[in-house]
There are 2 protein chains.
Amino acid sequence: MSENTDPTLTDQWLAQLQTSGYRLTQPLRVIVDILVNSPRALGPVELYDLGRKEYPRLGLVTVYRTLDKLEELGLVQRVHQIGGCHMYLRATQGHEHLLLCTRCGQVCYFKGDDLSALFNATAEASGFVIQEHWLQLYGLCANCQS
Amino acid sequence: MSENTDPTLTDQWLAQLQTSGYRLTQPLRVIVDILVNSPRALGPVELYDLGRKEYPRLGLVTVYRTLDKLEELGLVQRVHQIGGCHMYLRATQGHEHLLLCTRCGQVCYFKGDDLSALFNATAEASGFVIQEHWLQLYGLCANCQS
DNA sequence: GCCTATAATGAAACAGATTTTCATTTTCAA
DNA sequence: TTGAAAATGAAAATCTGTTTCATTATAGGC
Ligand SMILES: [Mn+2]
Ligand SMILES: [Mn+2]
Ligand SMILES: [Zn+2]
Ligand SMILES: [Zn+2]
C-alpha cells in the first residue's frame, strides 16, 4: 500500500464496489488506492505503471476493466485532453466542475456556477432543448505561477 | 465539387492556407469544402468516405494531415465525444461555444456567456490564475424534439 | 478453517485509430 | 516550360483499447 493519505474515501469506494456485486481483489485495491490519492488525472498506462510498483504482476487489461467499473459507478470520470485521448480522475461530487493546471496537471474541484440565464437565452435563440453542460477551466496553480 | 453553399468561407480558408505556405492541392480543396459546409462534426473516416465521392483516389493519411494543418491554423477544432475519440468541426469564431444535438449531431454556435464572476470567485478560492475555459452544451435540436 | 462455484485476472491474439516511411506525383515560383 | 520542394498515397509500423480463454483468487456455505 502507498501512503494512503485518505483511507476513508478508499474504504467508501471499496464498500460501494462490494455492494454492487464486485469482488475485492488485490489489483482492484491497488488501483483504487492510487486513484483516490492522485492529485491529477491519470491515463491507463500511467496507472498501470504506478500500480505495478505496488503489485508487479498487475495486467494492463485489469486497469482498463477496473476503470470501466469505477466509471460505471460514477467514482471516476474521464477528462478529455486537448490533444488526444482522455485520462481518468476522481469524479466530481454533485454539481462540481474542474479547474486544471496547464503546467503540472493539478486538479481543483469547484462549484457555484449558475448558467441558467445563459441556458435560457441560448435555448430560445436556437430552438434546442438543453439537456447537459460541460464546463472546464484551465489555468496555472499557485505552485506553477513562479 | 459539392454544392458549395458557402464559396466565400471556403476561399477564405484556402487563402489562409496559402498565406501560411501550404500548397493548394486537389485533396486539400475537397476536404476544406466538405468541412466548411458540414452542419455537424465529422470523424476522419467519415471525412475520408465523403471525400472519396469527390476525389476517389484520396488517401486517409491525407485526411489526417489536412486536419492537422487546419487545426494548427485554428480553422477546425476537435469536439470530444463522451465515449471515445473526437471528431472535427469548423472552429468557433472569436468567443463562441458549441451546442450539440445529442440525437442527430447538429451543431449550433452561440455566444453571450459571461462567466467573469465565476472566474473571479474560483480564482480567489483556488489560488489559480485562470487562462482558458471550455464550455459545451448538449441538447435536442428543433427537429429531434418530436 | 476448508470447499466450491464463479468472478476476476493476465497472456496473447485481435481490432481500430493514427503515424511513419518512402517512392511517386503535383504544385508553384522562376 | 522547368525543376526544386511540398504533398500525396500505399504499405508498414505504432499505439490504444478489446476479446478470448486458461488459470487464479474471492466469497459464501459448510
Ligand atoms: Mn455547471
Ligand atoms: Mn476526448
Ligand atoms: Zn501547476
Ligand atoms: Zn437533432
Side-chain angles (χ1 to χ4, degrees), chain A residues 11 13-34 41-73 75-88, chain B residues 11 13-34 41-73 75-88:
Chain A
D11 290 345
W13 286 29
L14 293 177
Q16 188 171 341
L17 282 157
Q18 194 161 47
T19 300
S20 308
Y22 294 113
R23 293 182 179 182
L24 303 185
T25 67
Q26 210 44 43
L28 178 75
R29 288 172 195 275
V30 169
I31 292 169
V32 165
D33 189 54
I34 292 168
L42 298 172
V45 175
E46 263 177 303
L47 194 45
Y48 174 56
D49 290 336
L50 289 170
R52 276 189 301 179
K53 291 183 184 164
E54 296 298 324
Y55 185 79
R57 60 178 146 141
L58 177 65
L60 181 56
V61 198
T62 300
V63 173
Y64 280 106
R65 285 191 281 228
T66 304
L67 285 171
D68 287 344
K69 290 175 192 170
L70 295 173
E71 193 182 18
E72 176 204 310
L73 296 182
L75 295 171
V76 301
Q77 68 180 52
R78 292 170 192 232
V79 180
H80 292 265
Q81 303 299 110
I82 295 171
C85 293
H86 35 256
M87 302 170 112
Y88 292 83
Chain B
D11 290 344
W13 287 28
L14 293 176
Q16 188 171 342
L17 283 157
Q18 193 161 47
T19 299
S20 306
Y22 294 113
R23 293 183 177 180
L24 302 186
T25 66
Q26 208 45 43
L28 178 75
R29 289 171 194 274
V30 169
I31 292 169
V32 165
D33 188 54
I34 292 169
L42 298 171
V45 175
E46 264 177 302
L47 194 45
Y48 174 55
D49 290 336
L50 289 170
R52 277 188 301 178
K53 291 182 185 168
E54 296 298 322
Y55 186 79
R57 61 179 146 141
L58 178 65
L60 181 56
V61 198
T62 301
V63 173
Y64 279 104
R65 286 191 282 227
T66 304
L67 285 170
D68 286 346
K69 291 175 191 170
L70 295 174
E71 193 182 18
E72 176 203 312
L73 297 182
L75 295 172
V76 300
Q77 69 179 52
R78 292 170 192 232
V79 180
H80 292 265
Q81 303 300 109
I82 295 173
C85 294
H86 35 255
M87 300 169 115
Y88 291 83

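FYI, side chains are in, hydrogens and waters are out, and symmetry mates aren't considered; it's all heavy atoms of this structure. Naming: A, B, ... by sequence-line order, numbering from 1 per chain.
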Worksheet item: Roughly how far, to the nearest 0.5 Å, is CH2 of A/Trp13 from CG of A/Leu70?
Response: 6.0 Å

Between [N] atom [atom2] and [X] atom [atom1], what is the distance in whole Å?
X: A/Leu17; N: D/dA27; atom1: CG; atom2: C1'; result: 15 Å
X: A/Leu67; N: D/dG17; atom1: CG; atom2: C1'; result: 12 Å
X: A/Arg52; N: C/dA11; atom1: CZ; atom2: C1'; result: 13 Å
X: A/Leu14; N: D/dA27; atom1: CG; atom2: C1'; result: 15 Å

Any idea which of [options] is nearest the [X] side chain?
X: A/Val61; options: C/dT9, D/dA10, C/dA11; value: C/dA11
X: A/Tyr64; options: D/dA10, D/dT16, D/dA7; value: D/dT16
X: B/Thr62; options: D/dG9, D/dT20, C/dT18; value: D/dG9
X: A/Lys69; options: C/dA12, C/dA8, C/dT18; value: C/dA8

Worksheet item: Do the non-hydrogen side-chain atoms of A/Tyr88 and A/Gln77 ever get within less than 4.5 Å of each other?
Response: no

Discussion item. Return a single string for nucleotides 25-30 of chain C, one symbol per nucleotide in 5' to 3' order, where B is base contact, S is sugar-phosphate-only contact and - is none, cutoff 4.0 angstrom on heavy atoms.
Written reply: -SBS--

Can you name the closest pair of heavy atoms from [X] and [Y] and give their distance?
X: A/Gln16; Y: A/Leu75; value: OE1-CD2, 3.6 Å
X: A/Ser20; Y: A/Leu73; value: OG-CD2, 3.6 Å
X: A/Ala41; Y: A/Glu46; value: O-OE1, 4.2 Å
X: B/Arg23; Y: B/Leu28; value: O-CD2, 3.6 Å

Residues 57-69 of chain A side chain polar contacts: donor-acceptor under 3.5 Å, at least two apart:
unit_1	atom_1	unit_2	atom_2	d
A/Thr66	OG1	A/Thr62	O	2.7

Discussion item. Determine whether a donor-acceptor pair (one donor, one acceptor, N or O, separation below 3.5 Å) exists between the side chain of A/Arg65 and the base of D/dG17.
Written reply: no

Item to complete: Give one of base, sugar-phosphate or nothing for A/Leu60, where a contact means two heavy atoms less than 4.0 Å apart.
Response: nothing

Worksheet item: Where each residue is assigned the nucleotide of DNA chain D containing its nearest heavy atom, which of B/Gly21 and A/Val45 is assigned the position nearer the 5′ end?
Response: B/Gly21

